There are 2 protein chains.
Amino acid sequence: MSNCNNVNHEEYAEIFKALANPNRLKIFSRLATCCKPGTVDVFNPQTSACIGELGDELDIVASTVSHHIKELRRVGLIRTRRQGKNIECWVDPQIVDDLRDFFSF
Amino acid sequence: MSNCNNVNHEEYAEIFKALANPNRLKIFSRLATCCKPGTVDVFNPQTSACIGELGDELDIVASTVSHHIKELRRVGLIRTRRQGKNIECWVDPQIVDDLRDFFSF
DNA sequence: TTTATAATTCGATATATGTCGAATTGTAAT
DNA sequence: ATTACAATTCGACATATATCGAATTATAAA
């Protein structure tokens with residue numbers, strides 16, 4: 001269960017680049033967190049959010065949030081689906097496990 | 001032992017930025033890995049390396065390695081000390097634990 | 001003291017990024 | 001069909017970054 005360097009560094013560098021911007025990191029944390037009031041499970045669907053919500057919470061305009069979401073999605077950190085007028089965003093539990101493993105040398 | 005968002009996002013964004021470059025990520029992995037032949041412990045001092053070694057292994061000129069090392073050091077991912085003509089570089093075990101915790105939501 | 005080796009700093013350049021506002025597209029409600 | 005709301009795309013700008021080679025500095029050996 002340890003990394004031991006059998007890892008695609010290019011791919012992980014891309015992932016870390018996605019987490020290297022404070023706003024994107026906040027978005028990711030916001031979507032992954034288990035501490036939001038009203039949530040019980042780690043990856044409770046309740047922790048999902050849409051572009052507008054995220055923009056309001058972080059005080060960024062929608063176009064910028066959209067851009068960040070695209071980037072997080074590109075590297076596989078989050079998933080999205082349209083739900084009516086909104087785009088629902090959530091974190092893929094698998095990637096969090098992978099990242100924890102990355103740091104198990 | 002879980003992150004739960006009580007975290008300085010600015011600080012971690014800086015750390016991830018340092019890991020966002022393939023060459024820096026390789027340097028970090030190289031220094032942190034437990035799989036190098038001849039090493040037994042996770043953070044065995046044998047896994048340390050100097051600028052020249054790292055440059056040879058990754059085929060980058062010394063000035064670039066030096067620059068990357070400076071950056072990794074700045075954000076606390078590695079430590080260094082001068083040993084004669086060489087600069088010895090190694091990974092601080094604590095930061096690896098911190099990073100694993102970061103992904104324990 | 002001179003020479004050799006390792007690392008750092010400096011200057012230059014090309015490339016990428018974050019952010020915004022305006023215009024556009026997609027979806028639902030009236 | 002019109003209106004309203006949400007998200008995306010586009011264009012622009014300013015800022016940051018990765019990399020190299022040349023020049024410099026630090027340390028050790030002859």
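Scope of the values below: all heavy atoms of this structure, side chains included, with no hydrogens, waters or symmetry mates. If you're wondering where the values come from, they're calculated on a predicted model, not measured in any experiment. Chain naming here is simple, since letters A, B, ... match the order of the sequence lines and numbering starts at 1 in each.
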A.B. asks: Using modelled atom types and a 3.5 Å cut-off, is there a donor and acceptor pairing between side-chain atoms of B:Arg24 and backbone atoms of B:Ala18?
C.D. replies: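 The answer is yes, because a donor-acceptor pair under 3.5 Å joins these two groups.
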A.B. asks: Please identify each residue that fulfils salt bridge (charged side-chain N to carboxylate O under 4.0 Å, His left out) with A:Glu71, with sequence neighbours left out.
C.D. replies: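 Once residues adjacent in sequence are excluded, the partners of A:Glu71 under the salt bridge (charged side-chain N to carboxylate O under 4.0 Å, His left out) criterion are A:Arg74.
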A.B. asks: Between the protein and nucleotides 11-15 of chain C, are there any N/O to N/O pairs under 3.5 Å, and if so, what are the atom names and distances?
C.D. replies:
none

A.B. asks: Nearest whole angstrom, please: distance from the P of D:dT19 to the CD1 of B:Ile69.
C.D. replies: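 About 13 Å, once rounded to whole Å.
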A.B. asks: Is there side-chain contact between A:Phe28 and A:Asn21, with heavy atoms separated by less than 4.5 Å?
C.D. replies: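 Heavy-atom side-chain distance check fails, nothing below 4.5 Å.
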A.B. asks: What nucleotide, of C:dT9, C:dA7, D:dA7, holds the atom closest to the side chain of B:Lys70?
C.D. replies: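 So the nucleotide nearest the side chain must be C:dT9.
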A.B. asks: Using the ring of each side chain (for Trp, its six-membered ring), is A:Phe16 parallel, tilted or perpendicular to B:Phe16, with breaks at 30° and 60°?
C.D. replies: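 Rings of A:Phe16 and B:Phe16: parallel, under 30°.
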A.B. asks: With the sugar-phosphate defined as primed atoms, P, OP1 and OP2, and the base as all remaining atoms, what B/S/- string results for nucleotides 16-27 of chain C, 5' to 3', for protein heavy atoms under 4.0 Å?
C.D. replies: -SSBBBB---BB
A.B. asks: Find the distance B:Arg81:CZ to C:dA6:P and express it as a whole number of Å.
C.D. replies: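 So the two atoms are 18 Å apart, to the nearest Å.
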A.B. asks: How close or far is atom P of C:dT8 from atom CG of B:Asn86, stated in whole angstroms?
C.D. replies: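 Checked: the CG to P distance equals 10 Å.
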A.B. asks: Rounded to the nearest Å, what distance is computed from the CD atom of residue B:Glu88 to the P atom of nucleotide C:dA6?
C.D. replies: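 Taking atom P of C:dA6 as the reference, CD of B:Glu88 is at 15 Å.
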A.B. asks: Could you go through B:Arg82 and B:Glu88, starting from their C-alpha distance and side-chain angles, then the distance that decides it, and tell me whether this counts as salt bridge (charged side-chain N to carboxylate O under 4.0 Å, His left out)?
C.D. replies: CA-CA 6 Å; B:Arg82 185 172 274 276; B:Glu88 205 173 28; over 6 Å; no
A.B. asks: Not counting sequence neighbours, which residues clear ring-ring contact (aromatic ring centres under 6.0 Å, His included) with A:Tyr12? List them please.
C.D. replies: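 For A:Tyr12 the ring-ring contact (aromatic ring centres under 6.0 Å, His included) partners, ignoring immediate neighbours, are A:Phe102.
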A.B. asks: To the nearest Å, give me how far apart CD1 (B:Ile51) and P (D:dT25) are.
C.D. replies: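 That distance rounds to 19 Å.
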A.B. asks: With sequence neighbours excluded, what pairs up with B:Thr80 under the side-chain contact (heavy atoms from CB on, under 4.5 Å) test?
C.D. replies: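 Residues passing side-chain contact (heavy atoms from CB on, under 4.5 Å) with B:Thr80: B:Ile69, B:Arg73, B:Ile78, B:Ile87, B:Cys89.
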A.B. asks: Taking only residues two or more places apart in sequence, or in another chain, which ones meet B:Asp97 in a salt bridge (charged side-chain N to carboxylate O under 4.0 Å, His left out)?
C.D. replies: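 So B:Asp97 forms a salt bridge (charged side-chain N to carboxylate O under 4.0 Å, His left out) with B:Arg100.
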